Participant: 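Here it is: the structure, laid out below.
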Amino acid sequence: MQAEEKEFFREATIRICGSLDVQTFLYESFLYLRNYLPADSVILTHYRAERGEHIALAMASAEGSSLLNLTVTVPPNIRTFVVRPDRETLVVDRAETHPTARPWISKGLLEEDASLLVLRLIVDGDMVGGVTFISNESAAFTREHAELVSQLREPFAIALSNSVRYQELLELKELLAEDNRFLHSELRQIAGEEIIGADFGLRGVMEMVRQVAPLPSPVLLLGETGTGKEVIAGAIHNLSTRKDGPFITVNCGAIPENLVDSELFGHEKGAFTGALTRKRGRFERANGGTVFLDEVGELRPDAQVRLLRVLQEKEIERVGGTEPIQVDIRVIAATHRNLEAMITEGRFRDDLYFRLNVFPIAIPPLRERRGDIPSLVHYFIQKKSREIGMKGMPSLAQGALEVLMAYSWPGNVRELENTVERALILSRGEPIGFGDLLQAPVTGSTAGEPGAAPPSEQEDTRALDEVVSGHIRTVLEMTEGRVGGEKGAARVLQINPSTLRKRMRKLGIPFGRKAT
């Protein structure tokens, strides 16, 4: 390559590879190359072989550049012509004679009598795109122009690949940011005062959550299956200083035994058969945030040892690795098992238990906080109605809430959620009743026989507030109008007396002197 050609290549490459922004590098390179070519504009295209699509990414002229993002589907009969591996730079005297120009002509990007200089971009034998220089005059380009531009095939291919990758990263970043905003929004809805029952049956739990959330201490959530341990863990994270960091959930009982170490701690490339790349584990991904170990009692003994090291040393070691990796995480564990009994049986390490049990929080089952049921039902009806695409929110049949209040809920909040969803599916727009859904025996029913649905001829359509109001009035009659105290309605409903009075004011239920 002669000195002049080297200078041309150097100056052109600097402009082509000088920016990841496709508009910028295409415009800058065009301004330089028009000193050597009779070109009025240039178009950069990207070819997607798997879809048979040609995408015009951007266009530049002396006036400036613009993003196009126009896509055309290449007809099957000329795809072989498009993807051919030869590196020839095409000189086209009239655009209308070029096999792939017709769609661009129809979109107004080319004139039929325009001349083209087409630099095909080939990477590893595959066609990835092209740079098309356009002259408004026919037969403007020569073979000398083609040979000159051919020197820039590699720089343009690199710039195209980098630009496409960069754009994909920007789109992924935006998707991740959008997901992050959504997840934080979801966490805000279930955190603090917005957790269903935060002022009622979960009031004590939420007070403990607010106490421990700002601290780095491990938390152990205890409670039956379906009580909402993950919701409480999310609230702790969202109220902590780590709320902008990741919240990684690990279901310890759902990970196959032979993959526990790899899932939790990651692995190095080649650590075992199938480990084709390095993989970060859940603890490493949670760095700067919180890791929630659901059903921690399911961890096998050797994984318990490694978890203990994480808690003690704040470091992990990937499977197949030799160097420890420091991690900054907060651990929240949960279980429905009796860990103390498991320690006695030799199935859970006592030192790990003491590390996790720094701040235990016991979440009461739903049967011990029946006062939350009306609000939970209202929430689940709204949520599930949207999810299954129902128009409007269905009403409750007479006596439906009483049936739910009388049921023992062995599956807790999760069972209630599933019951509401099942009832919505079966309701077909009619008022929702639950008597035929709860087959297990119930206790303390106020709706006739235990577990029985109210007679269909007595059913009517009522708003949820009306149902709640009716239930409160029934309890007030039982307590002879008393709200607080040992024999008051608040004790029966298992809610704070001041909260009950607030709810009664909202529903227009008189109490105290107003009731006399």
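Predicted model only: the values in this text are computed from it and were never measured.
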Participant: For Gly245, does its backbone N or O pair with a side-chain atom of His237 as donor and acceptor, under 3.5 Å?
Facilitator: yes

Participant: Minimum heavy-atom separation for Arg285 to Pro246, with atom names?
Facilitator: O-CG, 3.3 Å

Participant: Thr97 side chain to Arg94 main-chain N or O, any donor-acceptor pair under 3.5 Å?
Facilitator: yes

Participant: Checking Ser29 side chain against Arg15 main chain: does a donor-acceptor pair fall under 3.5 Å?
Facilitator: no

Participant: Please check: side-chain N/O of Ser150 versus main-chain N/O of Ala146, any donor-acceptor pairing under 3.5 Å?
Facilitator: yes

Participant: On the six-membered ring of Phe265, is Arg306 placed so that its NZ or CZ lies under 6.0 angstrom from the centre and within 45° of the ring axis?
Facilitator: yes

Participant: What closest approach, in Å, do Ser61 and Asp40 show between heavy atoms, and which atom pair accounts for it?
Facilitator: CB-O, 3.5 Å

Participant: If you define the side chain from C-beta out and look only at heavy atoms, does anything of Val327 sit under 4.5 Å from Glu315?
Facilitator: no

Participant: Does a donor on one side chain sit under 3.5 Å from an acceptor on the other, for Glu144 and Thr142?
Facilitator: yes

Participant: Would you say Arg48 and Ile55 make side-chain contact, with heavy atoms under 4.5 Å?
Facilitator: yes

Participant: Closest approach of Pro218 and Val358, non-hydrogen atoms and distance?
Facilitator: O-CB, 3.7 Å

Participant: Test Lys279 against every option in Glu263, Glu284, Glu268 by the salt bridge (Lys or Arg N to Asp or Glu O under 4.0 Å) rule and name the one that passes.
Facilitator: Glu263

Participant: Does any part of the side chain of Leu239, heavy atoms only, come nearer than 4.5 Å to the side chain of Val209, both counted from C-beta?
Facilitator: yes

Participant: Could you pull out the closest heavy-atom pair between Leu20 and Ser163, with the gap in Å?
Facilitator: O-OG, 3.4 Å

Participant: What residue among Leu307, Ile325, Leu264, Ile329 forms side-chain contact (heavy atoms from CB on, under 4.5 Å) with Ile316?
Facilitator: Ile325

Participant: Measure centre to centre between the rings of Phe141 and Phe133, then say whether the value is under 6.0 Å.
Facilitator: no

Participant: Counting only N and O atoms by type, is there a donor-acceptor contact under 3.5 Å from the side chain of Asp124 to the main-chain atoms of Asp126?
Facilitator: no

Participant: Could you pull out the closest heavy-atom pair between Glu323 and Glu317, with the gap in Å?
Facilitator: O-CG, 4.0 Å

Participant: Below 4.5 Å, heavy atoms only, C-beta onward: do Leu119 and Leu90 meet side chain to side chain?
Facilitator: no

Participant: Is it true that a side-chain atom of Glu28 and a backbone atom of Gly18 form a donor plus acceptor pair closer than 3.5 Å?
Facilitator: no

Participant: To the closest 0.5 Å, what do you measure between CD1 (Ile105) and NZ (Lys107)?
Facilitator: 13.0 Å

Participant: Without hydrogens or angle criteria, can the side chains of Asn162 and Tyr166 be said to hold a donor-acceptor pair below 3.5 Å?
Facilitator: no

Participant: Does the side chain of Lys6 reach to within under 4.5 Å of the side chain of Arg10, using non-hydrogen atoms?
Facilitator: no

Participant: Are the side chain of Asp93 and the backbone N or O of Ser138 linked by a donor-acceptor pair below 3.5 Å?
Facilitator: no

Participant: So, Arg143 versus Thr89: side-chain donor-acceptor pair below 3.5 Å or not?
Facilitator: no

Participant: If you count heavy atoms of other groups shown closer than 6.0 angstrom to CZ of Arg309, is the number above 12?
Facilitator: yes

Participant: List the atom of Asn35, the atom of Leu31, and the distance in Å for their closest heavy-atom pair.
Facilitator: ND2-O, 3.6 Å

Participant: So does Glu137 have more than 12 non-hydrogen atoms from other groups sitting under 6.0 Å from CD?
Facilitator: no

Participant: I want to check something: taking the side chain as every heavy atom from C-beta on, are Leu26 and Leu44 in contact at a cut-off of under 4.5 Å?
Facilitator: yes

Participant: With the threshold set at 4.0 Å, does a side-chain nitrogen-carboxylate oxygen contact exist between Arg355 and Asp350?
Facilitator: no

Participant: May I ask you to decide if Ala213's main-chain N or O and Arg330's side chain share a donor-acceptor pair within less than 3.5 Å?
Facilitator: yes

Participant: Do any N or O atoms from the side chain of His46 and from the backbone of Val128 form a donor-acceptor pair under 3.5 angstrom?
Facilitator: yes

Participant: With a 4.0 Å cut-off on N to O distance, would you call Arg120 and Glu88 a salt bridge?
Facilitator: no

Participant: State whether the side chain of Asn412 and the backbone N or O of Thr225 hold a donor-acceptor pair below 3.5 Å, judged by distance alone.
Facilitator: yes

